Amino acid sequence: MPRKKLKKITEVNSFPNVFNYKTENVWTEITNYLNNHNPIIIELGCGQADYTINLAKLHPENNYVGVDRKGNRIWSASKLLSKENLPNAALMIGHAESLEQAIPENSISEIWITFPDPYPRRCSMKRRLTHPRFLEIYKKLLIKEGIVNLKTDDETLYDFTISVINENKLKLIKATADLYSNPHLTDEEKVTTKYESQHLAEGKKIKLVRFCL
């Protein structure tokens with residue numbers, strides 16, 4: 001592992017706005033850091049936390065927690081978050097599979113999944129973050145009528161998610177295979193991530209699915 005990357009992974013655990021899912025009572029630490037009882041929204045696979053940061057700016061009445069499994073990504077996100085000075089946002093190092101270990105049931109009001117690895121091969125289907133095995137985890141953590149949002153450029157993942165929603169008779173709120181063809185977008189839908197900007201520059205269509213479990 002490159003020395004610089006290793007240094008970031010070691011250093012990130014000392015940042016005040018970063019928490020690790022392996023820490024005992026990590027959710028208590030996060031809620032103490034946020035220091036209010038406002039709704040909490042999480043961004044899975046947050047990378048540099050573009051959505052976490054921008055949503056926190058848009059909605060100071062909510063709390064936001066960006067989650068990513070890679071400490072070096074969280075390191076970069078933490079630096080950006082610190083510059084913005086947003087008291088309603090935090091970061092957590094963790095895997096989607098580990099959310100149940102860190103977050104109590106009925107604690108989350110909304111989940112954003114922003115440009116995750118689509119795992120296009122059928123043999124990797126269970127690793128897709130909208131696979132039913134992940135939805136079962138989200139269902140425990142979300143409040144009643146809590147919302148899951150997927151933003152992706154990948155057609156296979158988009159079609160797969162729609163199929164999962166239909167097969168499990170979930171409540172579909174919105175689905176579009178070409179998000180920016182609609183002139184009437186919400187502020188949340190307009191937030192653009194680093195990877196999204198790259199996809200748009202390549203002429204790719206951005207897809208959005210919003211649904212309840």
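This one's a predicted model, so the numbers in the text were calculated from it and none came from an experiment.
Scanning both residues, Ala77 and Gly47, for their nearest heavy atoms gives CB-O, 3.6 Å. Of all non-hydrogen atoms in Leu200 and Tyr180, the two that sit nearest each other are CD2-CD1, 4.0 Å. The two atoms that bring Ser78 and Asn17 nearest to each other are OG-OD1, 2.6 Å, heavy atoms only. The two residues Leu34 and Pro87 come nearest to each other via the heavy atoms CD2-O, 3.7 Å. When all heavy atoms of Cys212 and Ile173 are compared, the closest pair comes out as SG-CD1, 3.7 Å. Across all their heavy atoms, Ser124 and Tyr119 have their closest contact at O-CB, 3.6 Å.
Under a cut-off of 6.0 angstrom, the local environment of NZ in Lys174 is crowded, with over 12 non-hydrogen atoms contributed by other residues, nucleotides or ligands. Crowding of Lys204 atom NZ: a count of heavy atoms from other residues, nucleotides or ligands under 6.0 Å exceeding 12. Residue-environment remark: CD (Glu84) exceeds the threshold of 12 foreign heavy atoms within 6.0 Å.
If you take CD1 on Ile53 and NZ on Lys57, they are separated by 7.0 Å, rounding to the nearest 0.5 Å. Remark: Thr192 OG1 to Asp50 CG distance equals 9.0 Å, nearest 0.5 Å. Here Asp159 contributes atom CG and Thr161 contributes atom OG1; the two are 8.5 Å apart, rounded to the nearest 0.5 Å. Rounding to the nearest 0.5 Å places CG of Asn106 at 8.5 Å from CG of Leu141. The CD atom of Glu145 sits 10.0 Å away from atom CG of Leu213, with the distance rounded to the nearest 0.5 Å. One finds the CD atom of Glu11 at 6.0 Å from the CH2 atom of Trp75 (value rounded to the nearest 0.5 Å).
Leu55 is not connected to Leu150 by any chain of hydrophobic side-chain contacts under 4.5 Å among Ile, Leu, Val, Met, Phe, Trp and Tyr, and they are in different clusters. No continuous path of hydrophobic side-chain contacts links Leu81 to Trp112 [ILVMFWY only; heavy atoms under 4.5 Å]. In the hydrophobic clustering of ILVMFWY residues, with side-chain heavy atoms under 4.5 Å counting as a link, Val26 and Ile108 come out together. Linking ILVMFWY side-chain heavy atoms closer than 4.5 Å, directly or via other members, places Leu86 and Leu80 in a single hydrophobic cluster. Tyr158 and Ile206 end up in different hydrophobic clusters when Ile, Leu, Val, Met, Phe, Trp and Tyr side chains are linked at under 4.5 Å.
Phe134 does not carry Arg128 over the face of its six-membered ring by the limits of under 6.0 Å from the centre and within 45° of the normal.
Between Glu43 and Thr114, the closest side-chain pair of non-hydrogen atoms falls below 4.5 Å. Between Asn13 and Asn20 the shortest side-chain heavy-atom distance falls below 4.5 Å. When side chains are defined from C-beta on, Val209 counts as touching Leu172, because their heavy atoms get closer than 4.5 Å. Contact annotation: the side chain of Cys46 approaches that of Asp68 to within less than 4.5 Å [non-hydrogen atoms, C-beta and beyond]. In this structure, Leu44 and Ile111 have side chains that are in contact, with non-hydrogen atoms separated by less than 4.5 Å.
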Show your reasoning for whether side-chain contact (heavy atoms from CB on, under 4.5 Å) applies to Thr52 and Ile42.
CA-CA 8 Å; Thr52 298; Ile42 64 172; over 6 Å; no
Does Tyr33 form a side-chain contact (heavy atoms from CB on, under 4.5 Å) with Phe19? I'd like the steps, not just the answer.
CA-CA 10 Å; Tyr33 173 82; Phe19 303 85; 3.6 Å; yes
Check the pair Leu142, Val148 against side-chain contact (heavy atoms from CB on, under 4.5 Å), reporting the backbone distance first and the verdict last.
CA-CA 9 Å; Leu142 284 164; Val148 178; 3.8 Å; yes
Could you walk me through whether Phe211 and Leu135 pass side-chain contact (heavy atoms from CB on, under 4.5 Å), step by step?
CA-CA 11 Å; Phe211 60 100; Leu135 298 189; 4.1 Å; yes
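Under 3.5 Å, the side chains of Asn36 and Asn63 contain a donor-acceptor pair of N or O atoms. Side chains of Thr23 and Glu29: a donor-acceptor N/O pair is absent below 3.5 angstrom, by distance only. Judged by distance alone, the side chains of Ser76 and Gln48 never bring a donor and an acceptor atom under 3.5 Å apart. Remark: the Glu110 side chain and the Asn149 side chain contain an N/O donor-acceptor pair separated by less than 3.5 Å.
Under the side chain to side chain contact (heavy atoms under 4.5 Å, CB included) rule, Pro118 has a single partner from Leu129, Thr130, Thr156, Asp154, which is Asp154.
Salt-bridge check for Lys151 with Glu196: passed, with a basic side-chain N closer than 4.0 Å to an acidic carboxylate O. Using a cut-off of 4.0 Å between Lys/Arg side-chain N and Asp/Glu carboxylate O, Glu189 and Arg210 are scored as salt-bridged.
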Let me have the donor-acceptor pairs involving side chains of residues 91-103, under 3.5 Å, with sequence neighbours excluded, atom names and distances please.
{"from": "Ser98", "atom 1": "OG", "to": "His95", "atom 2": "N", "distance (Å)": "3.0"}
{"from": "Ser98", "atom 1": "OG", "to": "His95", "atom 2": "O", "distance (Å)": "2.6"}
{"from": "Glu100", "atom 1": "OE2", "to": "Lys140", "atom 2": "NZ", "distance (Å)": "2.9"}

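Between the side chain of Asn88 and the backbone N or O of Asn62, at least one donor-acceptor pair lies under 3.5 Å. Side chain of His131 to backbone of Arg133: a donor-acceptor contact under 3.5 angstrom is found.
When ring centroids are compared, Tyr64 and Tyr51 stay outside the 6.0 Å threshold.
Considering only residues two or more places apart in sequence or on other chains, Tyr195 meets the side-chain contact (heavy atoms from CB on, under 4.5 Å) condition with Thr193, Gln198, His199.
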